Protein chains: 2
Amino acid sequence: MASLDQIAKISGYSKATVSRVLNNSPHVNPQTRDKILEIMKQLDYVPNRNAISLAKGRTMQIGVITAVINEVMLPFLNSFVKTAERYGFQSIIYITYGDEKKELQAFNDLKQKRVDGLAIVNSSINPDLIATYLKFGPIVSWQRMNHPELQWVSMDQYEGYSLALEHLLQKGYRVIANAFGRSASINTLNRRRAYEAWMKQYNLPVMSDFYYSDIHNIPDGEQVMVDLVSTGKIEHVDAILCANDYVAAGMFTQAHREGISIPNEIAIVGFDNTAISKTLGITTIDNPVKLQGENAFFILSQRLLKEPIPLHKLSYKLVERETT
Amino acid sequence: MASLDQIAKISGYSKATVSRVLNNSPHVNPQTRDKILEIMKQLDYVPNRNAISLAKGRTMQIGVITAVINEVMLPFLNSFVKTAERYGFQSIIYITYGDEKKELQAFNDLKQKRVDGLAIVNSSINPDLIATYLKFGPIVSWQRMNHPELQWVSMDQYEGYSLALEHLLQKGYRVIANAFGRSASINTLNRRRAYEAWMKQYNLPVMSDFYYSDIHNIPDGEQVMVDLVSTGKIEHVDAILCANDYVAAGMFTQAHREGISIPNEIAIVGFDNTAISKTLGITTIDNPVKLQGENAFFILSQRLLKEPIPLHKLSYKLVERETT
DNA sequence: TTGAAAGCGGTACCAC
DNA sequence: GTGGTACCGCTTTCAA
């Protein structure tokens, strides 16, 4: 493998000049540049990344921490990775399977300068511990982190859920069921808070009999619909709010199988406005996840780039379709 | 951030000795070691990985290339990652989403010494091109690669499929349907070859009307069962061989919903012997994917370790349960 | 526009 | 057991 030094010797120029060519410095004679580039081609030269990283003190790599990869975080992940790429950073993904040891490895890689920054999709490590790594490089989280120095980009789902509730109530739906995600999560808490607040405002009873928990994907959604029908609950429910569009999709298609008419017998509202909700015509809440992915990088950029990039302003939007 | 040099100065010992401590060299006075370790703790010292990589000429990182991550490759991935870890190598995952550019980046990282080796779960790049990167480091593939110098660890599914066919035929099943995966894949080709060979041997007709293609997951399996029932084909079919256990699971549960009795009305055979087949009691073919993941690292180890590790001998096994 | 040389933070060989 | 020192391959002043 050729090295910069060899290129210098062969070309008759100094290492400095060869380095300038490599970094597109304007202070190189075009002919000199051409000669050197030509030699590089011939020797199939590529710079050693470790040497660059060591000399520059940065790796142009960002670690992304996630327990698993599924449709829910994929839009965020894709958006983040592409944005980082646009600014010359490569993303390396740490799949932790929920194992704290593996996760700590990512933080250690920040400390050891193997990555310049860290984006957390989800984490099982104590935020206080995470914050101690901030001195080694920037860290951003998708989900909310309960620590004053840790920044995150997802939005408070209280807002989004309120949009959905207001819409349903205005349309005259009164008995509203909820299919929540992880029961212990902040998102679920906020959704429940929103639901209960709106019920109060309309002087309606809180129907906690119609709370479903740990509902995440299509099969889960199907199961909820099966339950509603088989227990006869469906007779008493006017509408249901879903953890995400996949859950809504499962409910929607299962309803069809069961011969339930949507939205007459029950209205369905998804969350996130992902492709599937559009395909099936499901009313949902637009959650600008793509922009959140960009914002995540922008936050890191505050310490990674000389010119930090201003963040997108984010807001939820109701997308009314045929299920309400 | 403290450096080795500073540790040396503060401790009064030389860089060489500090380095020895770092690398657990036996040639260090225990008291010296303790003193130096103590200073390291106090300064919260961690060695710079880039410097180590540069000096050693290796990164102890292995790149894993995959288009997406799903249940099918997860066992392979997990096994590979854990095995590599056992030998001190960290895996970094390149998710390409089928984009050749992103994939080439991984190969480039090998060339630029950012990773010491590459494991390919699936690739869309021409094997001849891949082979040109072998001079920069070891490369191994899970799936078969059609190039003399490229090694892979998955097995010829002709063998596994034959086991299933033999089992069905011996039990008296005669009309056998096939739910294949990717229609253009080598695996599908081999399975079809096996099926046709066994039919010939038993003087039975090849039922290509009962070939299903691009069947990959639970919903796909459900759909196949729906089709069999709705078209009445189920009356004529004795058994069906599935692309994998998820497909079999989808068929199995859908059969229940449709009131079809298994294996009386139709026998079902899965593939891979993953957890779900055990849970549901589905007859399947044990495919030692975990060992394939280990073998993948072992093949890389031939060029990564001084003592290469001998490969596992692999073989398929029939696992008979209640669906045949 | 170009070159010389001092880093970046470790490793490893050779002395003692 | 310990120290001196020449690398590893590239970047980045500082001069010329």
Side-chain angles (χ1 to χ4, degrees), chain A residues 1-37 39-40 43-61 88 108-114 116 136-137 306, chain B residues 1-37 39-40 43-61 88 108-114 116 136-137 306:
Chain A
M1 286 279 336
S3 71
L4 182 143
D5 196 61
Q6 296 176 31
I7 303 285
K9 296 236 164 79
I10 295 176
S11 69
Y13 290 93
S14 69
K15 285 166 58 175
T17 300
V18 176
S19 175
R20 289 191 189 96
V21 170
L22 229 42
N23 293 283
N24 300 311
S25 160
H27 308 300
V28 179
N29 185 309
Q31 287 146 41
T32 305
R33 177 189 306 281
D34 288 345
K35 272 189 235 165
I36 293 181
L37 282 176
I39 295 179
M40 286 182 175
L43 274 69
D44 194 25
Y45 168 76
V46 280
N48 181 313
R49 285 252 227 158
N50 294 120
I52 297 177
S53 296
L54 178 60
K56 290 202 173 166
R58 52 196 322 212
T59 61
M60 303 306 282
Q61 273 192 158
N108 224 37
D109 278 6
L110 181 65
K111 195 168 173 180
Q112 302 189 161
K113 298 195 181 305
R114 183 155 259 179
D116 293 336
F136 304 114
K306 27 221 67 172
Chain B
M1 287 282 331
S3 72
L4 181 143
D5 196 60
Q6 297 175 31
I7 303 286
K9 298 237 164 80
I10 296 175
S11 69
Y13 291 93
S14 70
K15 286 168 57 173
T17 298
V18 176
S19 176
R20 287 190 192 98
V21 170
L22 230 43
N23 293 283
N24 298 312
S25 160
H27 309 299
V28 179
N29 183 311
Q31 288 147 39
T32 306
R33 176 188 308 280
D34 288 345
K35 271 188 236 167
I36 293 180
L37 281 176
I39 295 179
M40 286 180 176
L43 275 70
D44 195 24
Y45 167 76
V46 280
N48 181 314
R49 285 254 227 157
N50 294 120
I52 297 178
S53 296
L54 179 59
K56 289 203 173 167
R58 50 196 324 212
T59 61
M60 303 307 282
Q61 273 193 159
N108 225 37
D109 278 6
L110 180 65
K111 195 169 174 182
Q112 301 190 159
K113 299 195 180 305
R114 184 153 259 180
D116 293 336
F136 303 114
K306 28 219 67 171

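Chain naming here is simple, since letters A, B, ... match the order of the sequence lines and numbering starts at 1 in each. Bear in mind the structure is a predicted one, so any value in this text is a computation, not a measurement.
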Between the opening five pairs and the closing five pairs of the helix from C/dT1-D/dA16 to C/dC16-D/dG1, how far apart are the helix axes, to 10°?
30°

From the 5' end of DNA chain D to its 3' end, which nucleotides mark the outer limits of contact with chain B, defined by a 4.0 Å heavy-atom distance cut-off (strictly under)?
D/dG1 to D/dG9

Side chain to side chain, B/Phe136 and A/Met1, heavy atoms closer than 4.5 Å
yes

With B/Asn48, which residues qualify under side-chain hydrogen bond (donor to acceptor under 3.5 Å, both in side chains), at least two apart?
none

Could you pull out all residues at least two apart from A/Gln61 that satisfy side-chain hydrogen bond (donor to acceptor under 3.5 Å, both in side chains)?
B/Arg114

Mark yes or no for whether A/Asn50, through its side chain, and B/Ser53, through its backbone, hold a donor-acceptor pair below 3.5 Å.
no

Reading nucleotides 2-13 of chain C from 5' to 3' and marking B where a protein heavy atom lies under 4.0 Å of the base, S where only the sugar-phosphate is that close, and - otherwise, the string is BBB--BBBBBBB

List the residues meeting side-chain hydrogen bond (donor to acceptor under 3.5 Å, both in side chains) with B/Lys113, not counting sequence neighbours, and say none if there are none.
none

Applying side-chain hydrogen bond (donor to acceptor under 3.5 Å, both in side chains), name anything that partners A/Asp109, two or more places apart in sequence or on another chain.
A/Tyr94, B/Arg49

Sorted by chain and number, sequence neighbours left out, side-chain contact (heavy atoms from CB on, under 4.5 Å) with B/Asn29 holds for B/Gln31, B/Thr32

Partners passing side-chain contact (heavy atoms from CB on, under 4.5 Å) against A/Lys56 (at least two apart in sequence or in another chain)
A/Asn23, A/Ile52, A/Arg58

Partners passing side-chain contact (heavy atoms from CB on, under 4.5 Å) against A/Ile39 (at least two apart in sequence or in another chain):
A/Ile7, A/Ile10, A/Ser11, A/Leu43

Under the rule for side-chain contact (heavy atoms from CB on, under 4.5 Å), what residues qualify as partners of B/Lys15, not counting sequence neighbours?
B/Leu4, B/Asp5, B/Ala8

